[in-house]
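Note that the structure is predicted; figures quoted are calculated from it, not measured. Keep in mind that the numbers below use all heavy atoms, side chains included, and drop hydrogens, waters and symmetry copies. Each chain gets a letter, A, B and so on, in the order its sequence line appears, and its residues count up from 1.
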2 protein chains.
Amino acid sequence: MFDPQCPTRQLLDRIGTKWTSMAVKVLAEAAPHEVRFAELRRRMPGVSQKMLSVTLHSLIRDGLAARRVEPTVPPRVHYQLTDLGSSLEVPLAALRTWAEEHMAQIDRANATSDAQANPADRA
Amino acid sequence: MFDPQCPTRQLLDRIGTKWTSMAVKVLAEAAPHEVRFAELRRRMPGVSQKMLSVTLHSLIRDGLAARRVEPTVPPRVHYQLTDLGSSLEVPLAALRTWAEEHMAQIDRANATSDAQANPADRA
DNA sequence: CGGTATCCCCCTAGATACTG
DNA sequence: CAGTATCTAGGGGGATACCG
């Protein structure tokens, strides 16, 4: 965007999209087994068919996931993380842990700010 | 969004915004010293006055940064990470390291995908 | 079953201008 | 110096419908 040499911004643009990090998580939890499209959908509550498809294809484009199709009728499509995807899961898991431990604190900070900005709201 | 119990999504919604992670990084690098608004702007190439202001205020709302105003004319405003913000810097730094080590691989994967999708583009 | 195609809304973030 | 206010385009992502 402003500096193509900032890989962190590029990475966050990818894992920051709504479903990407969750897809990586689900695929990482299932590893070393593959996961089918419908199973992924089931494990990602709220995702639409379209957004799951878009998310998976971007993971594949980025070399983070691999796709395998069984040429049956109807077809069975399987996904799994690549080695690159698995390596990303490491720092991502650290971020998840931080989130689980500290998001409540962030929520509290927001509540405090709101209370100070609009004291009447506490009525 | 779909599940308020997913703290990771909430966290990514914050650090995924364009300037947040960079602001955290600059503040972390300067720590334990404070950083003034103009200095932050200088160290974040491309950020507009408005977006820096918005970014900093969201960090403050979230309890990740603190603001100190010297009541002079013109005013001097100083920012620094809170303890919570500093703790976030740890997993964020891990993500940055991963990005620096592997984004080139992701770029290569994209180039390969493009070449396979549009072979004519290689002309 | 596992997708694509189409439409549309909203929010992020940039440009610009003004202020205590 | 350090902001806020206003306007706007652009893209993310949801709903729906159709397809191999």
Side-chain angles (χ1 to χ4, degrees), chain A residues 1-3 6 8-23 26-27 30 34-62 65-80 113 117, chain B residues 1-3 6 9-24 26-27 30 34-62 65-80 113 117:
Chain A
M1 189 81 66
F2 68 95
D3 180 5
C6 178
T8 305
R9 190 86 286 290
Q10 293 180 46
L11 178 61
L12 284 171
D13 280 346
R14 290 154 203 272
I15 65 174
T17 62
K18 189 165 182 182
W19 301 104
T20 303
S21 66
M22 192 180 308
V26 170
L27 290 172
E34 296 174 315
V35 187
R36 290 182 58 183
F37 189 89
E39 179 64 19
L40 274 162
R41 222 188 144 180
R42 233 167 296 140
R43 301 202 192 180
M44 295 169 61
V47 74
S48 66
Q49 212 166 26
K50 174 194 158 187
M51 287 319 297
L52 180 54
S53 178
V54 167
T55 301
L56 290 170
H57 280 288
S58 81
L59 285 177
I60 289 162
R61 249 184 81 85
D62 288 341
R67 193 178 116 116
R68 182 174 69 81
V69 182
E70 281 184 56
T72 56
V73 177
R76 294 164 165 228
V77 184
H78 306 259
Y79 297 88
Q80 62 182 326
S113 301
Chain B
M1 190 82 64
F2 68 95
D3 180 4
C6 178
R9 190 86 286 291
Q10 293 181 46
L11 177 61
L12 284 171
D13 280 345
R14 290 154 202 271
I15 66 174
T17 62
K18 189 166 183 184
W19 300 104
T20 303
S21 66
M22 192 182 307
V24 171
V26 169
L27 290 173
E34 298 173 315
V35 187
R36 291 183 58 183
F37 189 88
E39 178 65 18
L40 274 162
R41 223 189 141 179
R42 233 167 296 141
R43 301 202 193 179
M44 295 169 62
V47 74
S48 66
Q49 215 166 25
K50 174 196 157 186
M51 288 317 297
L52 180 53
S53 177
V54 167
T55 301
L56 290 171
H57 280 287
S58 82
L59 286 177
I60 289 162
R61 248 184 81 85
D62 288 341
R67 192 178 117 117
R68 182 174 69 82
V69 183
E70 281 184 57
T72 55
V73 177
R76 295 164 165 225
V77 184
H78 306 259
Y79 296 88
Q80 63 183 325
S113 301

Closest non-hydrogen contact found for A:Tyr79 with A:Leu27 is O-CD2, 3.8 Å
Side-chain atoms of B:Arg36 come closest, of D:dG3, D:dG14, D:dC1, to D:dC1
Over its full length, what angle do the end axes of the helix from C:dC1-D:dG20 to C:dG20-D:dC1 make, each axis taken from five pairs and the result rounded to 10 degrees?
50°
Check the interface with nucleotides 4-10 of chain C: list each N/O to N/O pair with the protein under 3.5 Å, or write none.
| unit_1 | atom_1 | unit_2 | atom_2 | d |
| --- | --- | --- | --- | --- |
| C:dT4 | OP1 | A:His57 | NE2 | 3.3 |
| C:dT4 | OP2 | A:Ser53 | OG | 2.8 |

In whole angstroms, the gap separating C1' of C:dA13 from CZ of A:Arg9 amounts to 11 Å
Could you state the atom-to-atom distance from CZ of A:Phe37 to P of C:dG2 in whole Å?
8 Å
Grab the CE-C1' distance between B:Met51 and D:dG3 for me, whole Å please.
14 Å
To the nearest angstrom, how far is A:Arg14 atom CZ from D:dG13 atom C1'?
18 Å
Residues A:Val47 and A:Leu52: closest non-hydrogen pair is CG2-N, 3.7 Å
Please answer whether the main-chain N or O of B:Val77 pairs with a side-chain N or O of B:Arg67 as donor and acceptor at a distance below 3.5 Å.
no
Sequence neighbours excluded, which residues qualify as side-chain contact (heavy atoms from CB on, under 4.5 Å) partners of A:Arg61?
B:Asn110, B:Ser113, B:Asp114
note: A:Glu39, atom CD; C:dG2, atom C1'; distance rounded to Å ~ 14 Å
Rounding to an integer number of Å, can you tell me how far B:Asp13 CG sits from C:dA13 C1'?
16 Å
Rounding to a whole Å, what distance do you find between B:Leu56:CG and D:dA2:P?
11 Å
Figure out the CE/C1' separation between A:Met22 and D:dG13, and round it to whole Å.
14 Å
Using a 4.0 Å heavy-atom cut-off across all strands, classify B:Thr17 as base, sugar-phosphate, or nothing.
sugar-phosphate
Scan for salt bridge (Lys or Arg N to Asp or Glu O under 4.0 Å) pairs involving residues 35-44 of chain B, sequence neighbours excluded, and state none if there are none.
B:Glu39-B:Arg42, B:Glu39-B:Arg43
Hey, mind stepping through A:Arg68 and A:Glu34 against side chain to side chain contact (heavy atoms under 4.5 Å, CB included) and telling me if it holds?
CA-CA 9 Å; A:Arg68 182 174 69 81; A:Glu34 296 174 315; 2.6 Å; yes
Does any pair with a residue in residues 49-59 of chain A pass side-chain hydrogen bond (donor to acceptor under 3.5 Å, both in side chains), and if so which ones, sequence neighbours excluded?
none
List the steps and the verdict of side chain to side chain contact (heavy atoms under 4.5 Å, CB included) for B:Ile15 and B:Val24.
CA-CA 9 Å; B:Ile15 66 174; B:Val24 171; 6.0 Å; no
For B:Ser21 and A:Leu12, the nearest pair of non-hydrogen atoms, with its separation, is OG-CD1, 3.2 Å
First of A:Gly16 and A:Pro75 reached from the 5' end of DNA chain D, by closest nucleotide
A:Gly16
